[in-house]
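Structure record follows, encoded as structure tokens.
Here the structure is a predicted model, which is why all the values come from computation and not from measurement. Naming: A, B, ... by sequence-line order, numbering from 1 per chain.
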Amino acid sequence: MSRLQGRFHLQQAGFTLAAEFDLPAQGASAIFGPSGAGKSTLLRCIAGLERSPGGYLRLGDELLQDETLGIFVPPYKRRFGFVFQEPRLFSHLSVHGNLEYGYKRVAPGQRTVEWQQVVTLLALQPLLARTVSHLSLGEQQRVAIGRALLSSPRLLLLDEPLASLDEQRKQEIIPYIQRLNHELHLPLLYVSHSLAEILPLAQTLLLLSHGTVVASGPLLEVCSDLRWADSLGALAGAVLETRVASHDHDFGLTQLDLHGQPLYVPLQNAAVGSELRVQVLARNVALILEPPTSATSVLNVLQATVMEIAEAAVDQHAVQVKLDVGAPLLASISRKSLHTLALVPGQRLYVMIKAVSMG
Amino acid sequence: MLNAIDLAPVWLTLQLATVTTVVLLLLGTPLAWWLAHTGSRWRTPLEAVVALPLVLPPTVLGFYLLILLGPEGWLGGPWQGMTGSPLTFTFSGLVIASVFYSLPFVVQPLQGAFTNVGRKPLESAWSLGARPLDTFVTVVMPLARRGYIMAAVLGFTHTLGEFGVVLMVGGSIPGKTQVLSIAIFERVEVMDYATAHLLSIGLLGFTFVVLLLVYGMQRGERR
């Protein structure tokens with residue numbers, strides 16, 4: 001399996017990037033981390049838009065950059081598509097002209113995507129004849145994605161492509177990005193500080209904090225690994241793969257099947273039987289030794305087994321606990337509660353889930 | 001009355017302004033691009049040099065150009081060795097002098113336009129596979145078109161009104177170096193106010209109309 005391997009060290013005003021990574025060059029990988037972690041800078045290094053002394057990048061068996069050997073393939077020869085935070089369409093060209101810009105620069109025999117395929121995939125037909133200034137921001141970003149695709153990239157880099165859009169527009173574009181990955185088999189590298197965006201998309205996660213790579217690996221594993229919970233802070237929480245079991249329109253709920261246990265979430269627009277990834281933030285999980293005897297407002301009470309308890313620093317009030325609910329789940333509880341409940345690995349208890357986040 | 005006027009200075013002036021503008025756009029583009037993008041410490045001194053003709057008395061500029069272009073000069077010497085003819089008091093000499101004289105009027109609008117275009121469209125074009133020269137022609141130039149129009153018009157009209165430098169370097173040889181502003185000066189010297197008026201009002205009107213059109217166009221485009 002071909003991989004994308006790199007090493008970049010970049011010193012900027014008040015910020016240092018020192019990142020080394022090794023990612024599968026297929027499927028979708030997400031570069032995730034808090035704002036200011038250096039995610040965009042890393043992506044720009046990969047694209048060749050930022051030059052770093054000692055920078056190194058290899059895609060499969062092709063060496064794209066090794067500054068120690070004086071090798072630097074310029075961005076216009078890397079064949080990496082780039083979708084920026086803002087659409088950055090060429091204002092002097094029409095929508096058609098923008099889409100055509102990269103397309104024309106690839107010899108017909110070398111094209112990996114066809115014009116009509118992209119126009120259909122991103123529903124661009126009604127926009128073609130328009131001028132850029134007459135498009136909404138969401139439409140512009142769709143054109144920008146199409147423009148990048150039509151240049152037949154071998155890797156598509158997306159730098160928070162939804163950051164400039166409102167919630168509704170985001171929901172409008174996410175399915176298109178999912179389809180890129182599934183239908184065009186184009187490897188994606190997606191930068192985001194929002195796990196909700198990454199959740200339905202990525203298989204691999206590169207966790208970046210203060211300019212360095214904290215963790216990297218399959219999304220589900222990284223998210224439920226106690227070691228990284230601290231650097232994720234409030235974002236820590238396991239990602240669960242579920243299946244839509246049924247919809248309850250009276251109460252506006254969807255019942256998900258989590259390895260045999262029911263999980264209730266607000267009504268989802270997804271077919272019964274389809275797969276759905278959800279995240280349960282560690283801070284939204286409470287532990288209780290016996291099932292609640294009286295009624296509770298918490299909908300989701302699941303059986304669980306304690307797997308692992310993180311070493312907690314003495315000065316910290318919170319402790320991360322890893323549980324098994326059919327899949328790994330993280331809980332963040334106070335050190336005092338840990339003491340009161342006298343938790344030990346292997347212990348059976350119940351988790352009360354206060355909120356479930358959806359992709 | 002009109003037939004009595006010698007139109008040679010008018011044609012010569014238009015010719016000089018056209019050639020100078022073309023040369024300036026060709027030379028000014030890389031210079032302005034470099035000034036807009038470099039981080040070099042030579043940038044500021046060079047910007048100051050480019051701006052010199054804005055404030056320097058044309059006679060000072062003309063004086064040094066005369067020395068530079070003269071048979072003993074750095075430029076005039078080799079030129080005479082190659083072509084057998086001097087640079088001073090010729091049309092070619094006038095073009096070189098005008099290029100220096102009108103340099104800031106072309107370089108500054110271009111530099112401003114390139115700075116406005118910024119780095120972002122370049123990055124988009126590169127990521128779409130366009131090489132730097134390709135990017136410049138297909139993205140930067142169209143986006144900087146207002147700067148180009150401004151540079152061409154200012155360079156052209158400024159060269160039209162050139163006087164001091166021409167007098168120093170070109171003198172006033174009818175049909176060869178006698179441009180409009182010099183012809184006007186000479187008409188005034190011999191008290192031929194009628195002709196001086198006609199030539200002056202022509203130059204004034206023409207320049208005004210060109211500037212009016214350009215400023216109007218810029219405003220219209222901004223809407």
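Considering only residues two or more places apart in sequence or on other chains, B/Thr13 meets the side-chain contact (heavy atoms from CB on, under 4.5 Å) condition with B/Leu160, B/Val179, B/Leu180.
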Which side-chain N or O atoms in residues 123-135 of chain A pair as donor and acceptor under 3.5 Å with protein atoms at least two apart or in another chain?
residue, atom, partner, partner atom, Å
A/Arg130, NH1, A/His134, O, 3.2
A/Thr131, OG1, A/His134, ND1, 2.6

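With a 4.5 Å cut-off on non-hydrogen atoms, A/Arg79 does not touch chain B at all. Of the atoms belonging to A/Arg147, heavy atoms from both backbone and side chain fall under 4.5 Å from chain B. For a residue to count as touching a neighbouring chain, one of its non-hydrogen atoms must lie under 4.5 Å from one of that chain's; by this rule A/Phe80 touches chain B with the backbone only.
Below 4.5 Å, heavy atoms of chain A meet heavy atoms from B/Arg119, B/Lys120, B/Pro121, B/Glu123, B/Ser124, B/Ala125, B/Trp126, all part of residues 115-126 of chain B. Within residues 34-58 of chain B, no residue has any heavy atom under 4.5 Å from a heavy atom of chain A.
The two residues B/Ser127 and A/Ser151 have their closest heavy-atom pair at O-OG, 4.3 Å. Closest approach of A/Tyr101 to B/Leu128, counting heavy atoms only: CD2-CD1, 3.8 Å. Across every non-hydrogen atom of B/Ala130 and A/Tyr76, the tightest pair is O-CB, 3.3 Å.
Counting heavy atoms of neighbouring residues, nucleotides and ligands inside a 6.0 Å radius, atom OH of B/Tyr148 exceeds 12 of them. Environment of CG in B/Leu26: crowded, with over 12 heavy atoms of neighbouring residues, nucleotides or ligands closer than 6.0 Å. Summarising the local packing, CZ of B/Arg131 is surrounded by 12 or fewer heavy atoms from other residues, nucleotides or ligands at distances under 6.0 Å. Heavy-atom neighbours of B/Phe156 CZ from other residues, nucleotides or ligands within 6.0 Å: above the threshold of 12. Heavy atoms from other residues, nucleotides or ligands lying under 6.0 Å from CZ of B/Phe89 number more than 12. Under a cut-off of 6.0 angstrom, the local environment of CH2 in A/Trp115 is crowded, with over 12 non-hydrogen atoms contributed by other residues, nucleotides or ligands. At most 12 non-hydrogen atoms from other residues, nucleotides or ligands lie less than 6.0 angstrom from CZ of B/Phe208.
Taking the side chain as every heavy atom from C-beta outward, B/Thr138 and A/Lys104 never approach each other to under 4.5 Å.
Side chain of A/His92 to main chain of B/Ala144: no donor-acceptor pair is present (N/O by atom type, distance under 3.5 Å, no hydrogens or angles).
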